[in-house]
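One structure is given here, and the rest of the page talks about it.
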Amino acid sequence: MSEGVYIETSILDYLTARPSRDLIVAANIEVTREWWDKRRNDFQLYSSQAVVKETSQGDAEIAFQRLEIIRDFVLLDLNQSVLDLAEQFLGHSSLPVKANVDAVHIAAATVHGMDYLLTWNCKHIANAQIQRKLAEISLDFGYDLPILCTPYELLGG
């Protein structure tokens, strides 16, 4: 069985992004599209209603494109266990309160046993310092934190 990857909103943003003159943004767009084209079929892709809500916002045409991409993803249930773990992440790690949706993404991927959470959010999600505490909290509640990473880290294989 293939490994499970929770696709967080920023991945969809880069997949549907317009060209950018910002070199870092342009590189992230390229890497995201390369992962999508070459590696996505090696994984089972998941998301959640939190991603659906976020991707529905903004430019209507691009929002439609993002929603089309996740149309066939399995949507993980944002059940009470997910919400409780997200609350623990916010209360006992260095995630700020404003990162509440990020905490839900991490908790959904954790509670539902994902192998990876794919993101470009390196401030609150793919952040090595925050991950250590999130892993401790997850273990305290009987879960293994998935690997929180960018598409760069899942390109090989």
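What you are looking at is a predicted structure, and each value in this text was computed from that prediction instead of being measured. Throughout, numbering of the chain's residues begins at 1 and tracks the sequence. Only heavy atoms go into these numbers, but all of them, side chains included; no hydrogens, no water, no symmetry mates.
Under a 4.0 Å N-O distance rule, the pair Glu136/Lys133 qualifies as a salt bridge. Taking the charged nitrogens against the carboxylate oxygens, Arg18 and Asp59 do have a contact shorter than 4.0 Å, which makes a salt bridge.
Taking the six-membered ring where tryptophan is involved, the planes of Tyr116 and Phe43 are perpendicular, since the angle between them exceeds 60° and thus also 30°.
With Asp115 contributing its side chain and Glu3 its backbone, the two residues share no donor-acceptor pair below 3.5 Å. Side-chain N or O atoms of Thr55 include one that pairs as donor or acceptor with a backbone N or O of Val52 at under 3.5 Å. Judged by distance alone, with hydrogens and angles left aside, the side-chain atoms of Ser47 form a donor-acceptor pair with the main-chain N or O of Ile7 at under 3.5 Å. Under the 3.5 Å distance criterion, the side-chain polar atoms of Glu8 are left unmatched by any main-chain donor or acceptor of Val51. In this structure, the side chain of His112 engages the main chain of Asp77 through a donor-acceptor pair within 3.5 Å. Side chain of Arg66 to main chain of Gln57: a donor-acceptor pair is present (N/O by atom type, distance under 3.5 Å, no hydrogens or angles).
Neither Leu75 nor Phe64 shares a network with the other; the hydrophobic side chains, linked directly or stepwise wherever heavy atoms of I, L, V, M, F, W or Y lie under 4.5 Å apart, form separate groups for each. Put simply, Ile62 and Val25 are part of two different groups of oily side chains (I, L, V, M, F, W, Y) that touch within less than 4.5 Å, one to the next. When the side chains of ILVMFWY residues are joined at heavy-atom separations under 4.5 Å, either directly or via intervening members, Leu139 and Tyr143 end up in two distinct hydrophobic clusters. Phe89 and Leu83 are not part of a single hydrophobic cluster, where members link through side-chain heavy atoms under 4.5 Å apart.
The distance from atom OG of Ser10 to atom CD of Glu54, rounded to the nearest 0.5 Å, is 9.0 Å. Atoms OH and CZ, on Tyr14 and Arg33 in that order, are 11.5 Å from each other to the nearest 0.5 Å. Once rounded to the nearest 0.5 Å, the distance linking CD of Glu30 with CH2 of Trp35 reads 15.0 Å. To the nearest 0.5 Å, the span separating OG1 on Thr9 from CD1 on Ile70 amounts to 8.0 Å. Taking CG of Leu12 as the start and CD1 of Ile69 as the end, the distance is 5.5 Å to the nearest 0.5 Å. Within the model, atoms CZ of Phe141 and OG of Ser81 stand 10.5 Å from one another, a figure rounded to the nearest 0.5 Å.
Of the candidates Val5, Leu118, Leu117, Cys149 forms a side-chain contact (heavy atoms from CB on, under 4.5 Å) with just one, namely Leu118.
Contact between Gln131 and Leu148 at its shortest, heavy atoms only, is NE2-O, 3.3 Å.
For the residue pair His105 / Tyr6, a side-chain donor-acceptor distance below 3.5 Å is found, with atom types taken as modelled.
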